[in-house]
Amino acid sequence: MITIQQQISKKLEEAIDILTKFGMPKAQLNERTAYCLFALLNISPEKEWKNAENPLIGITPMMDFTKINYQKEYAPNTRETFRRFSIHQLVQAGIVLYNPDDPSRPVNSPKAVYQISPASLEIIKCYRTKTFDTLLKTFMKNQDSLTQQYAHKRKMNMVSVKINENHLIQISPGKHSELIREIIENLAPRFLPNSTLVYVGDTGEKWGYYDQEIAGSLLFNVQEHGKMPDVILYVENKNWLVLIESVTSHGPVDSKRFIELKELFSSVNSYPVFISAFPDKKTFIKFAHNIAWETEVWIAENPDHMIHFNGDKFLGPYK
């Protein structure tokens with residue numbers, strides 16, 4: 001009689017064989033990626049490949065599936081390893097779709113889900129049959145165009161931000177990015193006229209925009225992505241370096257962040273201005289008690305007003 005451990009070993013061997021045939025890189029030909037594949041197909045050790053399914057599933061549920069069905073437990077802090085070093089490559093290969101139910105979902109959303117692509121599901125259900133090789137050959141032949149189609153669908157939901165009359169950038173979809181657009185297109189012209197955009201962060205990339213020449217002249221480089229503010233503007237005639245946080249769910253300039261940013265830009269010979277930007281009053285009220293003194297607040301739904309957190313009038317050019 002076959003034991004559960006023997007069933008698991010056999011399934012792992014088959015999964016890695018499938019991943020190999022799909023042309024996955026060597027770094028993804030491992031148990032972790034196999035477990036991801038099992039969860040994406042709802043394949044338990046005793047279940048046949050022909051009965052594979054295509055549920056919508058997130059990273060943490062994949063890890064839970066692995067623990068329950070394959071007796072393999074991963075620490076919660078390995079969630080990012082699953083995403084970056086297994087799932088990301090499966091998505092790039094067109095084997096897995098990212099947020100197919102809602103392509104406009106923000107990159108860092110806790111509701112992010114993945115699903116095996118229809119073509120991949122059809123192929124995998126035919127594993128170890130004559131049909132498998134035929135379907136796989138067609139899939140691999142068409143994969144470049146399929147990947148482009150998936151990328152195009154995602155790009156259609158990107159947020160366009162107008163840098164100047166002749167320059168648009170695209171950043172990842174979501175409320176955070178929409179507020180960044182408001183900061184650049186509405187806050188800056190009102191309160192920081194003639195300012196120059198130096199940097200825009202993006203939840204999906206290292207940065208959405210970076211003027212390395214200006215940053216270099218100000219004697220700073222873009223640091224680790226998570227440490228940077230969401231938007232940096234430079235006002236040359238005032239010698240202001242304006243550091244702005246886009247606040248939709250977290251991240252205002254509180255006392256801790258105020259100190260971090262001052263240290264991060266301590267080498268810059270410009271006067272730092274700190275701004276927490278909010279989409280609406282409701283979000284602002286949620287964080288108001290944390291806002292650091294000597295910083296500014298701007299609310300997108302009331303774009304003509306700025307709140308200065310020491311009781312004085314904002315020093316900017318809106319007299």
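Start at 1 with the first residue, then count along the sequence.
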- request: Examine distances only and state if a side-chain atom of Glu185 and a backbone atom of Ile180 form a donor-acceptor pair shorter than 3.5 Å.
  value: no
message: I need the full list of salt bridge (charged side-chain N to carboxylate O under 4.0 Å, His left out) pairs touching residues 277-294, with sequence neighbours left out, sorted by first then second residue.
response: none
task: Scan residues 16-41 for pairs that pass salt bridge (charged side-chain N to carboxylate O under 4.0 Å, His left out), counting only residues two or more places apart or in two chains.
output: Asp17-Lys21
query: What is the ring orientation for Trp49 with Phe38, classed by angle as parallel under 30°, tilted 30 to 60°, or perpendicular over 60°?
result: tilted
task: For the pair Asn30 (side chain) and Thr33 (backbone), establish whether a donor and an acceptor sit closer than 3.5 Å, ignoring hydrogens and angles.
output: yes
query: Side chains of Lys238 and Tyr271: does their closest heavy-atom pair fall under 4.5 Å?
result: no
- prompt: Taking a hydrophobic cluster as the set of Ile, Leu, Val, Met, Phe, Trp and Tyr residues connected by side-chain heavy atoms closer than 4.5 Å, whether directly or through intermediates, do Trp293 and Phe287 fall within one such cluster?
  reply: yes
message: Through direct or indirect side-chain contacts below 4.5 angstrom among Ile, Leu, Val, Met, Phe, Trp and Tyr, which residues connect to Leu56?
response: Val113
query: With sequence neighbours left out, what residues match Phe258 under ring pair (Phe, Tyr, Trp, His ring centres under 6.0 Å)?
result: Phe274
query: In Å and rounded to the nearest 0.5 Å, what is the CD1 to CD1 distance from Ile8 to Ile4?
result: 4.5 Å
- line: From the list Ile299, Val231, Leu192, side-chain contact (heavy atoms from CB on, under 4.5 Å) partner of Leu187 resolves to Leu192
- request: For atom CD of Glu13, decide whether the heavy atoms of other residues, nucleotides or ligands shown that lie under 6.0 angstrom number more than 12.
  value: no
query: Is Trp298 reaching over with its side chain to a backbone N or O of Ser276, donor-acceptor style, under 3.5 angstrom?
result: no
task: Determine whether Leu233 and Ile244 make a side-chain contact, defined as any pair of heavy atoms from C-beta on separated by less than 4.5 Å.
output: yes
task: Would you give the length of the straight line joining atom OH of Tyr114 to atom CG of Asp101, rounded to the nearest 0.5 angstrom?
output: 12.0 Å
query: Counting distance only, does the side-chain N/O of Ser246 pair as donor-acceptor with the main-chain N or O of His176 below 3.5 Å?
result: yes
- prompt: For the hydrophobic clusters of this structure (ILVMFWY residues joined by side-chain heavy atoms under 4.5 Å, transitively), does one cluster hold both Ile68 and Leu37?
  reply: no
- request: For residues Ser117 and Ser120, report the shortest heavy-atom separation together with the two atoms involved.
  value: OG-OG, 2.7 Å
- request: State, with a plain yes or no, whether a side-chain heavy atom of Ser195 is found less than 4.5 Å away from one of Val235.
  value: yes
message: I'd like to know if Val242 and Ile259 are part of one continuous hydrophobic network [Ile/Leu/Val/Met/Phe/Trp/Tyr, side-chain heavy atoms within less than 4.5 Å].
response: no
task: Please list, chain by chain and in numerical order, all residues satisfying ring pair (Phe, Tyr, Trp, His ring centres under 6.0 Å) with Phe85, sequence neighbours excluded.
output: none
- prompt: Checking Gln28 side chain against Ser86 main chain: does a donor-acceptor pair fall under 3.5 Å?
  reply: no
task: Take Glu14 and Arg128 through the test side-chain contact (heavy atoms from CB on, under 4.5 Å) and record every step on the way to the result.
output: CA-CA 10 Å; Glu14 291 174 343; Arg128 290 199 164 164; 3.1 Å; yes
- prompt: Does the Asn69 side chain pair with the main chain of Phe65, one donor and one acceptor, at a distance under 3.5 Å?
  reply: yes
task: Find out whether Val253 and Glu296 are in side-chain contact, i.e. whether some heavy atom of one side chain is under 4.5 Å from a heavy atom of the other.
output: no
query: Considering residues at least two apart in sequence or located in another chain, which fulfil the ring pair (Phe, Tyr, Trp, His ring centres under 6.0 Å) criterion with Phe284?
result: Phe278
task: Find the distance between CD1 (Ile123) and CE (Met140) and round it off to the nearest 0.5 Å.
output: 9.0 Å
message: Side chains of Met228 and Phe265, heavy atoms from C-beta outward: is any pair under 4.5 Å?
response: yes
message: Does the plane of the ring in Tyr35 sit parallel, tilted or perpendicular to the ring in Tyr70? Use 30° and 60° as the thresholds.
response: tilted
For the student: nearest non-hydrogen atoms of Pro279 and Thr283, plus distance: CG-OG1, 3.7 Å
query: Are the side chain of Glu263 and the backbone of Glu260 linked by a donor-acceptor contact shorter than 3.5 Å?
result: no
message: Minimum heavy-atom separation for Gly58 and Pro61, please, with both atom names.
response: O-CD, 3.3 Å
field: Set of residues satisfying side-chain hydrogen bond (donor to acceptor under 3.5 Å, both in side chains) with respect to Tyr234, sequence neighbours excluded
entry: Asn239
- prompt: How close do Cys126 and Phe132 get, heavy atom to heavy atom, and via which atoms?
  reply: O-CB, 3.1 Å
message: When you measure from the side chain of Thr20 to the backbone of Ile16, do you find a donor-acceptor pair of N or O atoms at a distance under 3.5 Å?
response: yes
Glu53 and Ile43, any side-chain heavy atoms less than 4.5 Å apart: no
query: Under the salt bridge (charged side-chain N to carboxylate O under 4.0 Å, His left out) rule, what pairs show up with a residue in residues 68-82, not counting sequence neighbours?
result: Lys67-Glu73, Glu80-Arg83
query: Just wondering, are more than 12 heavy atoms of other shown residues or ligands nearer than 6.0 Å to CG in Asn51?
result: yes
query: How would you list, by chain and number, every residue that makes a ring pair (Phe, Tyr, Trp, His ring centres under 6.0 Å) with Phe22, sequence neighbours excluded?
result: Phe139
- prompt: Taking NZ, NE, NH1 and NH2 as the nitrogens, is one of them in Glu46 or Lys11 under 4.0 Å from a carboxylate oxygen of the other?
  reply: no
field: Contacts of type side-chain hydrogen bond (donor to acceptor under 3.5 Å, both in side chains), residue Asn237, not counting sequence neighbours
entry: none
Neighbour count >12 (heavy atoms, 6.0 Å) for atom CD, Glu236: no
message: Show, in sequence, the C-alpha distance, side-chain angles and deciding distance for Leu40 and Gln115, and conclude whether the side-chain contact (heavy atoms from CB on, under 4.5 Å) test is met.
response: CA-CA 6 Å; Leu40 286 157; Gln115 186 179 47; 5.6 Å; no
- line: Rounding to 0.5 Å, atoms CD1 (Ile95) and CG (Leu19) come to a distance of 6.5 Å
Heavy-atom check, side chain of Ile184 versus side chain of Val200, under 4.5 Å: yes
field: Non-hydrogen atoms of Glu245 and Gly251 that approach each other most closely
entry: CB-O, 3.3 Å
message: How close do Pro229 and Tyr199 get, counting heavy atoms only, and between which atoms?
response: O-CE2, 3.1 Å
query: Between the main-chain N or O of Asp254 and the side-chain N or O of Asn290, is there a donor-acceptor pair closer than 3.5 Å?
result: no
- line: Rounded to the nearest 0.5 Å, the CG atom of Leu41 sits from the CD1 atom of Ile116 at a distance of 4.5 Å
Test item: Pro118 and Leu97 side chains (from C-beta on) under 4.5 Å apart, heavy atoms: yes
field: Pairing residues for Gln5 by the side-chain hydrogen bond (donor to acceptor under 3.5 Å, both in side chains) criterion, not counting sequence neighbours
entry: Gln71
- request: With sequence neighbours excluded, tell me which residues meet side-chain hydrogen bond (donor to acceptor under 3.5 Å, both in side chains) with Thr134.
  value: none
- request: Say whether, by atom type as modelled, one donor and one acceptor occur between the side chain of Thr66 and the main chain of Met62 under 3.5 angstrom.
  value: yes
Inter-residue atom distance Gln7.CD - Leu12.CG, 0.5 Å rounding: 12.0 Å
